[in-house]
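Before I ask anything, let me first share the structure, which is written out below as structure tokens.
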Amino acid sequence: MIKKTNANYFQVAQGVWGMKLTFVNIYMIANRRGVKKGWVLIDTGPKGSAHKIIAMAEALFGVGTRPTAIILTHGHTDHVGSLKTLLKHWDVPVYAHEYELPYLTGKSSYPPPDPTVGGGAISFFSVLFSRKPLKLGNRVRVIDMATGVPELPEWKIIYTPGHSPGHISLFFPLNTTLIVGDAFVTTKAESPVYALGNIKKLSGPPMYATTDWESAKESVTRLAALEPRIAGTGHGPVMRGRELQAALNELVENFDDVAVPKNGRYSEQPVISDETGVLYVPPFKTNRKFVAATIITGLVAGFIIARQIHKSVS
Ligand SMILES: [Zn+2]
Ligand SMILES: [Zn+2]
């Protein structure tokens with residue numbers, strides 16, 4: 001049973017709406033062309049968000065509405081966490097890129113995140129994020145990159161790998177609106193202060209989960225070349241106009257300095273993967289800063305536990 005709730009969504013562009021779920025955004029796009037009129041859901045947010053997504057859909061499109069399809073920008077847990085619950089409620093096709101399929105059909109786990117990069121607590125605790133693949137079986141369909149998604153014929157699907165092997169973004173040429181996913185984001189995804197507070201700062205893809213930086217750079221370059229006027233990203237607030245274009249061009253120019261982490265596990269060598277999943281993961285490099293952070297966290301946790309024990313026995 002899905003509990004009812006109020007939806008707190010925002011408009012991105014004409015026929016496009018978004019909603020922030022803890023620190024991840026989902027989007028809904030209306031489709032008024034072609035044979036499959038209706039609306040499409042992009043990503044599904046973290047686990048436990050299904051009731052909020054359904055409430056948003058019903059507020060926008062009416063009680064009992066359902067999307068014609070769900071499109072995944074990629075399969076990381078914070079973007080597919082509510083997918084299974086939603087599919088129990090809405091029996092609709094799910095689309096993803098061919099290279100993302102192994103992580104959605106139980107064939108492969110994502111490579112481990114790199115907790116040493118970005119210097120934020122979210123990076124540090126990223127090791128706790130689930131990497132286990134979903135098992136969607138034949139409910140997930142491969143996106144035909146030549147023709148796009150039939151339920152959304154006016155939107156182009158752009159292949160933007162790097163953050164994950166089969167990452168895609170969506171682009172509406174008529175008003176140059178971009179639904180980016182995590183190819184770049186508009187906050188510092190590694191920092192809880194930025195990510196939870198929705199503080200605006202155009203940045204490269206979340207560092208802890210990006211496993212091919214060369215591809216990530218090419219993807220951001222490809223998106224910047226589209227000269228988008230509106231960008232809705234997987235993390236952070238919507239960015240528009242000159243602010244967006246200037247920040248995006250700056251990111252492309254300085255990508256190696258500002259986006260690629262120094263001494264990260266994947267900074268020099270990428271994870272290698274194909275349509276079957278992960279083939280090669282570079283070895284973990286211990287990094288002095290990370291070891292120090294681990295020791296400090298361990299000491300703080302030890303201190304708190306010791307105090308609790310002391311309180312309970314005294
Ligand atoms: Zn991601
Ligand atoms: Zn994300």
Side-chain angles (χ1 to χ4, degrees), residues 18-27 41-49 53 70-83 96-97 99-104 108-115 117-118 120-134 158-170 178-192 194-199 201-213 215-217 219-220 223 231-239 259-261 264-266 270-271 273 277-278:
M19 181 165 61
K20 179 173 172 262
L21 297 159
T22 319
F23 64 105
V24 191
N25 298 318
I26 58 106
Y27 295 92
L41 174 67
I42 316 295
D43 292 344
T44 69
K47 213 173 177 175
S49 319
I53 296 172
I70 297 171
I71 304 176
L72 302 174
T73 60
H74 62 306
H76 284 160
T77 181
D78 50 334
H79 296 251
V80 301
S82 292
L83 185 56
H97 189 275
Y99 278 17
E100 211 66 9
L101 241 61
Y103 319 101
L104 299 166
S108 179
S109 289
Y110 279 110
D114 187 351
V117 296
I122 295 184
S123 293
F124 192 77
F125 289 111
S126 64
V127 284
L128 304 175
F129 297 170
S130 170
R131 295 190 284 123
K132 271 220 227 114
L134 288 182
I158 320 273
Y159 182 42
T160 46
H163 176 62
S164 74
H167 192 284
I168 56 121
S169 307
L170 297 99
L178 197 59
I179 300 298
V180 182
D182 286 357
F184 67 84
V185 295
T186 50
T187 192
K188 284 188 184 181
E190 302 80 18
S191 153
Y194 274 80
L196 295 169
N198 221 24
I199 299 171
K201 169 86 184 138
L202 195 123
S203 313
M207 289 181 185
Y208 47 84
T210 301
T211 51
D212 181 347
W213 285 98
S215 301
K217 184 181 180 178
S219 294
V220 173
L223 294 177
T233 55
H235 306 268
V238 174
M239 263 178 105
V260 183
R265 179 170 185 172
Y266 307 118
V271 167
S273 44
V278 173

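Since the model is a prediction, treat every value here as computed from it, not as a measurement. Read the numbers this way: they start at 1 and go in the same order the structure lists the ligands and their atoms.
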Residue of the set L41, D43, I70 for which side-chain contact (heavy atoms from CB on, under 4.5 Å) holds with I53: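 The side-chain contact (heavy atoms from CB on, under 4.5 Å) with I53 is passed solely by L41 among L41, D43, I70.
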Under the side-chain hydrogen bond (donor to acceptor under 3.5 Å, both in side chains) rule, collect the residues that match up with T233, sequence neighbours excluded.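 Checked T233 against side-chain hydrogen bond (donor to acceptor under 3.5 Å, both in side chains); matches are T186.
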Under the side chain to side chain contact (heavy atoms under 4.5 Å, CB included) rule, what do I71 and I168 come out as? Steps first, then yes or no, please. CA-CA 10 Å; I71 304 176; I168 56 121; 3.9 Å; yes
Is the H74 ring parallel, tilted or perpendicular to the H167 ring (thresholds 30°, 60°)?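 If you compare the ring of H74 with that of H167, the planes turn out tilted.
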Sequence-distant partners of D212, side-chain hydrogen bond (donor to acceptor under 3.5 Å, both in side chains), two or more places apart: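 Per chain and number, D212 pairs via side-chain hydrogen bond (donor to acceptor under 3.5 Å, both in side chains) with S215.
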Count, excluding waters, the protein N, O or S atoms that are closer to the Zn ion (ligand 1) than 2.8 Å.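 Count of protein N, O, S atoms less than 2.8 Å from the Zn ion (ligand 1): 4.
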Qualifying residues under side-chain hydrogen bond (donor to acceptor under 3.5 Å, both in side chains), relative to S273, sequence neighbours excluded: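 If we apply the side-chain hydrogen bond (donor to acceptor under 3.5 Å, both in side chains) test to S273, skipping adjacent residues, there are no hits.
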